[in-house]
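To keep things clear, I will list the structure first and then write my remarks on it.
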Protein chains: 2
Amino acid sequence: MSFPSQEASIASNLRDDILRGHYRCGERLPSERDLAQRFGVHRSTVREAFKRLAQLGVATIHPGGARVAPIEEASLDVVEHLLALDGSPDPEILDQALEAMSGFRAMAARLGTERATIEQRAHMLEILETMMRTAERGDNADAKLISELGNCLVEASGNIILKLMRNGLQPHGDLEAEAKFMRGAEPNNAEVEPLLWRLSHAIENVDGATASEAVYLLSCLFRRSVREQTSERQTEPRLDSEPGARSAQGEVQS
Amino acid sequence: MSFPSQEASIASNLRDDILRGHYRCGERLPSERDLAQRFGVHRSTVREAFKRLAQLGVATIHPGGARVAPIEEASLDVVEHLLALDGSPDPEILDQALEAMSGFRAMAARLGTERATIEQRAHMLEILETMMRTAERGDNADAKLISELGNCLVEASGNIILKLMRNGLQPHGDLEAEAKFMRGAEPNNAEVEPLLWRLSHAIENVDGATASEAVYLLSCLFRRSVREQTSERQTEPRLDSEPGARSAQGEVQS
DNA sequence: GTGCCATATTGGTCCGACCAAATCTCCAGC
DNA sequence: GCTGGAGATTTGGTCGGACCAATATGGCAC
């Protein structure tokens, strides 16, 4: 609770409220003095939180009052918080994130494949081999592995902008973070294997276009699996992890 | 000068200094009190600037001092400022940005093509037709048009994450902003035309993979042209626009 | 109802202060 | 000479209060 500074926790509160839709876009949010009183802190602390929100792109500050910005104008960095909202992400947002991740990996595959060093190429093939073995055994593919492969590709691309994009999609370089959302994904091994094979060959042959296509399709298998699983879970009662989360102000959502 | 608040201008100063490499990564930057005195403002103003930098990901603040963060860990939002540094962007960064933009458009093309409404599809084809006419006339392709096409594709994808990524690559939704860097690009029309043709058909036939490939190659033509032009310009003295820019602290860059 | 002006409100900045944690300094002890 | 640690210093985090200019608001005159 006191781990992060008060400023940080206030910023998080406000950010999440905005992302949750508690304030309508364009609406003025409470004044600094008001919020300071409400949170029991000094106004300057709230101001610092506001600066964060402004830089995050979820609010704009002008004399007369701070207003909520349309989410389409926010920073990529909001994705992380969008997915972490209320403990478990909105299925629609999650699907779009996985879709974007698929496209992003495809992009990284193209550039990374064409520019990888010998060592990087070897590492990628190694990861693919692990995935193939997993598939052959009939086990579920590990989402972490494809995340890691994506990271290798980004690294191999040597493109700083790609790295920055990844930061937004997969904060803290945390493989787990994304894999968590894909836990339980069970893509069909019969579909996965030929793609792994195709990808390996593309990497060996420095064929960016083919690698891109294969990675995209591969990621899409995960995405589809997650989506199916999510829609299943939606009908039955939730009984998995995150006990006690979602106790906050609750489901306003308008 | 006074248009932005003091906080904003201080934040910009520090940000640019960091991006320029004035402070080495991991190095402690001056204390709030120190900077406050140096800029002639109160400490709280500097603090607010620091919060921005922290949210931008170019610095981390802990008790004991703020430190410069490795640029690979920054937010995508730094790209804008990286390109605007010293008036004219570093050729290497510019090339990477155009490369990322190419890959990004390819991603958008895939998703956008598959999901566009009739109207969106028509609009895209319209833009392509304009480009074709330009090419047939033998005129230089207009970078703005391909930017606009990219925006249509992003819009058509309906993917919020893609929109957020675009914000980072092409701030303010400003078509000009990116096109400015591509001014003078003269991709070979003989190479451009068949790609335009291919792309049109892919959009009509809702063929995401082909559209993606075509858009990528198309964007790469622009990129290549810009790169060639930049390397040319590097040898001869600059005599184009932006008079008086680049007078700042200059080329430290270590 | 409409237009305008006085007033309350809001953000921007400043001053000065205290605390806890981190950093640095410097001297004792090995 | 090197090391370790106690103490002084610095640093960020927060607070209280204050002034200004721009904005928003309410109410009054038309």
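Every chain is numbered from 1, with letters handed out A, B, ... down the list of sequences.
- In this view, A:Arg115 and B:Glu99 satisfy the side-chain hydrogen bond (donor to acceptor under 3.5 Å, both in side chains) rule, not counting sequence neighbours.
- Between the P atom of C:dC19 and the CD atom of A:Gln6 lies a distance of 16 Å, rounded to the nearest Å.
- Rounded to an integer number of Å, the gap from A:Lys51 NZ to C:dG11 P is 11 Å.
- Side-chain contact between B:Val215 and B:Ser219: present, with at least one pair of heavy atoms (C-beta onward) separated by less than 4.5 Å.
- Partners of B:Asp16 by side-chain hydrogen bond (donor to acceptor under 3.5 Å, both in side chains), not counting sequence neighbours: none found.
- One finds no side-chain N or O of B:Ser5 lying less than 4.0 angstrom from the OP1 or OP2 phosphate oxygen of C:dG11.
- First and last contacts of DNA chain D with chain B, using any nucleotide atom under 4.0 Å from a protein heavy atom and ordered 5' to 3', fall at D:dT11 to D:dT14.
- Within the 4.5 Å cutoff, no side-chain heavy atoms of B:Ile161 are placed close to those of A:Met101.
- For the pair A:Asp34 CG and C:dT9 C1', the computed distance is 11 Å after rounding to whole Å.
- Legend: salt bridge (Lys or Arg N to Asp or Glu O under 4.0 Å) pairs involving residues 72-84 of chain A, not counting sequence neighbours: none detected.
- A search for side-chain contact (heavy atoms from CB on, under 4.5 Å) contacts involving B:Glu126 returns nothing, not counting sequence neighbours.
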Pair up each side-chain donor or acceptor in residues 55-67 of chain B with any protein partner under 3.5 Å, not counting sequence neighbours, and list the distances.
unit_1, atom_1, unit_2, atom_2, d
B:Gln55, OE1, A:Arg52, NH1, 3.0
B:His62, ND1, B:Gly65, O, 3.2
B:Arg67, NE, B:Gly26, O, 3.1

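- DNA chain C is contacted by A:Ile61, A:His62, A:Pro63, A:Gly64, A:Gly65, A:Ala66 of residues 60-69 of chain A, taking any non-hydrogen atom closer than 4.0 Å.
- Across the protein-nucleic acid pair, A:Arg43 atom CZ and C:dT9 atom P stand 14 Å apart, rounded to whole Å.
- The residue among B:Ser44 and B:Leu29 whose nearest nucleotide of DNA chain D is located toward the 5' end is B:Leu29.
- In this structure, CZ of B:Phe39 is placed 17 Å from C1' of C:dG12, rounded to the nearest angstrom.
- For the pair B:Arg52 CZ and C:dG12 C1', the interatomic distance rounds to 13 Å; values are reported in whole Å.
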Under 3.5 Å, which donor-acceptor pairs link side chains of residues 37-44 of chain B to any protein atom two or more places apart or in another chain?
unit_1, atom_1, unit_2, atom_2, d
B:Arg38, NH2, B:Asp34, OD2, 3.3
B:His42, ND1, B:Ser44, N, 3.1
B:His42, ND1, B:Ser44, OG, 3.1
B:Arg43, NE, B:Glu32, OE1, 2.9
B:Arg43, NH2, B:Glu32, OE1, 3.1

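- A:Lys163 pairs by the salt bridge (Lys or Arg N to Asp or Glu O under 4.0 Å) definition with A:Glu155, not counting sequence neighbours.
- In this structure, the CZ atom of B:Arg33 is 11 Å from the C1' atom of C:dC19, given to the nearest Å.
- Taking atom CZ of residue A:Phe50 and atom P of nucleotide C:dT13, one finds them 15 Å apart after rounding to whole Å.
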